[in-house]
Structures are given as C-alpha cells and as structure tokens.
Amino acid sequence: MTGNFSRIFGKTKPVIGMVHFGALPGTPLYDPDIDLLASVRADLHALQDAGFDAVMFGNENDRPYEFDVDTASTATMAAVIGELKSEITVPFGINVLWDPMSSVALATATGAHFVREIFTGTYASDMGPWTPNAGEALRYRNRLGRPDLAMLYNISAEFAHSLDQRSLPDRARSAVFSSIPDAVLVSGQITGEAAALSDLEAVKSVLPDIAVMANTGVRHDTIADVLAISDGCIVGSSLKVDGDTWNAVDPERAKDFMDRARKARG
C-alpha cells in the first residue's frame, strides 16, 4: 500500500461511509427550506456511532452533475464541514462531483485526509465528453501544500462509458504507473449499483501492492464477499432509510453493516 493510504488507515480494510449533502445553492434541486447543516450532522454522527472507519462528504444530489462545479457549491460544503470539524472523530474525505480541482481545493480548505474522483481516462458520459487531467490535479494538490492528501482514483466512472479499448485491469495498471494513485476504486454503472466481483478480482490481481476498493453498491449481504477480495469499500445507499440513496442514514442499518464488516475482517 502507498504511504498515504497506510498512514491514514493502517492495515485495516477501511469501510468508508458516505455523508451525502442535500442539493446545494445554485443547483436545480436546491431547496432553501432544507437545513443542510442539520442533515449532514445527523448522518455524520450516525456513521461515527456505527463505527465506520472513515466518512466522505459528497454532493451526490447536485444533479445534473458538472465538470466545473459552481463556486457556491464548494463554498457551502466548506462552510458546513467547517461547522462540523470539531465533531468529526474519524478520517474524512471529499468528493465534489465531478470536479477534481474543486475536490482538492475543498479538501485542502477543510483539512481532509483523502479525495475521491475520476482523475484519468476518456469517457462518453451523461454530462458530455469527459477528459479529466490527473497531472493537473496532482500538481494542484502539491502547490497547495498537501502531498499528504491521499488520492483515490475511480477508474470505472459511473454514468459513463470508457472510450479506452483496453481492459479494466490494463487501465488500472496504466493509471498506477502514470498517475501515482493512493488507491484504485472499481464502480458499477450508476450510484448504488455494485461493481462486479469479477472486476474487483481482476484489478486486484494485477495490483497486489496497491489498495483496490469497491466504490459503489456494496450491500449488507455482499460485504463479506467484497472484503474477501478488496482492500476496503465505500458505501452510501445501503445505509440509508429503505436503502434509498436520497434518504437520511438509518442508524440501525449503518450499525448492522459495520457489524458484518467487522466480522468479515476477522
């Protein structure tokens, strides 16, 4: 494992719980009557109380997504996370969909430990042609004085089709060689949809020394199988009331999930 990943998570196969913000100011679904701070605080404490190894803040409800996120969204996330900083007791990460530069900037401003994003590849997507720039994002991270900020690379983008004809394992190997990720993430096609276990296994087989994590769709009944292959996972929808991505975190579902994860890790 890379130094950043090991420093943050040790030898644990981390289970990272998502704290989904409601739609942010300027986005189509924004509702000024929703108390963003209260809803984010409730989800944060539910995940921490359930024993999650880390949490990640994301703007999942800022649909339709953008590649260059409005400053108001990033600023609002910074304000809310800043209010909650003294209440965060576990490592935390940032994902500003689908904007690597905003993710790195927000992580720097809030003192986050890691970011998740699409940093490499070329895609046809629901948002149009998608060509992220890992070199730009990594240089920006270092210019901001955060070489310790772990970079989690999602190499199978949701809501998109890779235009790269190489196999997923070959794309993963190439990303590690050329772009220096701290972890490689394998996803399903959309939020809440599972990555194929065969894809996880194939990527891990060619990256034995790099953390490979399941990024989407991990469920209570699959967590043991996922952790038998991968080096950890990120989970959101399965923890929500009725398993619905857009609902609040259900404390009982979250606790049950982590109980199963701890049992799977031995």
Side-chain angles (χ1 to χ4, degrees), residues 4 8 16-50 52-119 127 132 136-137 140-152 154 191 234-237 239-241 244-251 254:
N4 279 340
I8 296 167
I16 301 172
M18 287 302 307
V19 178
H20 291 146
F21 274 70
L24 295 167
T27 63
L29 298 177
Y30 175 62
D31 182 350
D33 293 328
I34 292 177
D35 188 336
L36 290 173
L37 176 60
S39 63
V40 170
R41 172 179 277 128
D43 283 1
L44 168 66
H45 283 282
L47 295 173
Q48 291 184 156
D49 291 346
F52 277 75
D53 303 298
V55 298
M56 180 157 56
F57 297 97
N59 61 329
E60 196 74 33
N61 213 14
D62 281 1
R63 300 169 286 160
Y65 304 120
E66 297 181 296
F67 299 134
D68 297 304
V69 172
D70 191 295
T71 303
S73 294
T74 311
T76 302
M77 292 181 73
V80 171
I81 295 169
E83 285 285 333
L84 297 174
K85 186 71 179 292
S86 64
E87 301 172 36
I88 302 173
T89 60
V90 295
F92 72 96
I94 297 294
N95 185 199
V96 182
L97 298 167
W98 293 96
D99 187 340
M101 304 297 276
S102 290
S103 295
V104 170
L106 181 57
T108 299
T110 58
H113 299 82
F114 58 93
V115 294
R116 172 184 71 177
E117 252 305 340
I118 303 293
F119 291 106
M127 295 77 70
E136 182 181 49
Y140 187 46
R141 177 194 71 170
N142 285 9
R143 284 205 311 276
L144 294 179
R146 288 299 311 275
D148 62 312
L149 181 65
M151 308 287 271
L152 279 51
N154 184 358
T191 298
I234 299 168
V235 58
S237 299
L239 312 176
K240 304 300 189 70
V241 173
D244 185 331
T245 302
W246 311 117
N247 287 340
V249 171
D250 181 333

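Pro251 and Ala46 get closest at one heavy-atom pair: CG-CB, 4.2 Å. Of all heavy-atom pairs spanning Val69 and Trp98, the tightest one is CG2-N, 4.4 Å. Val55 and Phe114 get closest at one heavy-atom pair: O-CZ, 3.6 Å. Taking both residues in full, the closest heavy atoms of Ile234 and Arg116 are given as CG2-NH1, 3.6 Å, listed atom of the first, atom of the second, then distance. Considering all non-hydrogen atoms of both residues, Pro91 and Ile8 come closest at CB-CG2, 3.8 Å. What you find for Pro100 and Ala137 is that their closest heavy atoms are CB-CB, 4.1 Å.
By the side-chain hydrogen bond (donor to acceptor under 3.5 Å, both in side chains) test, His113 pairs with no residue at all, sequence neighbours left out. For Gln48, the side-chain hydrogen bond (donor to acceptor under 3.5 Å, both in side chains) partners are Thr89, not counting sequence neighbours. When the salt bridge (charged side-chain N to carboxylate O under 4.0 Å, His left out) test is applied to Asp250, no partner is found at least two apart in sequence or on another chain. Residues that satisfy the side-chain hydrogen bond (donor to acceptor under 3.5 Å, both in side chains) test with Asp148, not counting sequence neighbours, are Arg146. Residues satisfying the side-chain hydrogen bond (donor to acceptor under 3.5 Å, both in side chains) test with Thr191, not counting sequence neighbours, are Glu60.
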> Checking side-chain contact (heavy atoms from CB on, under 4.5 Å) for the pair Tyr140/Thr108: CA distance, chi angles, key distance, verdict?
Replying inline: CA-CA 10 Å; Tyr140 187 46; Thr108 299; over 6 Å; no
> How far apart are the C-alpha atoms of Leu152 and Asn95, what are their side-chain angles, what is the distance that settles it, and do they pass the side-chain contact (heavy atoms from CB on, under 4.5 Å) test?
Replying inline: CA-CA 10 Å; Leu152 279 51; Asn95 185 199; over 6 Å; no
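The CZ atom of Arg141 lies 14.0 Å from the CD atom of Glu136; values are rounded to the nearest 0.5 Å. The distance from atom CG of Asp43 to atom NE2 of His20, rounded to the nearest 0.5 Å, is 9.0 Å. To the nearest 0.5 Å, the span separating CE on Met77 from CZ on Phe57 amounts to 8.5 Å. To the nearest 0.5 Å, atoms CG (Asn4) and CG (Leu149) are separated by 7.5 Å. We find the CG-CD distance between Leu97 and Glu66 to be 11.0 Å, quoted to the nearest 0.5 Å. Remark: Ser103 OG to Asn59 CG distance equals 7.5 Å, nearest 0.5 Å.
Here the side chains of Leu84 and Leu37 are in contact, with some heavy-atom distance below 4.5 Å. Between Leu44 and Phe92 there is no side-chain heavy-atom pair separated by less than 4.5 Å. Looking at heavy atoms from C-beta onward, Arg63 lies out of side-chain contact with Thr27 at the 4.5 angstrom threshold. The side-chain heavy atoms of Asn61 and Trp246, taken from C-beta on, include a pair separated by under 4.5 Å. For the pair Val96 and Met101, the minimum side-chain heavy-atom distance is 4.5 Å or more.
The side chain to side chain donor-acceptor pair (under 3.5 Å) pairs that include a residue from residues 74-86 number zero, where partners must be two or more places apart or lie in different chains.
Under the side-chain contact (heavy atoms from CB on, under 4.5 Å) rule, Val40 has a single partner from Asp35, Ile81, Val19, which is Val19.
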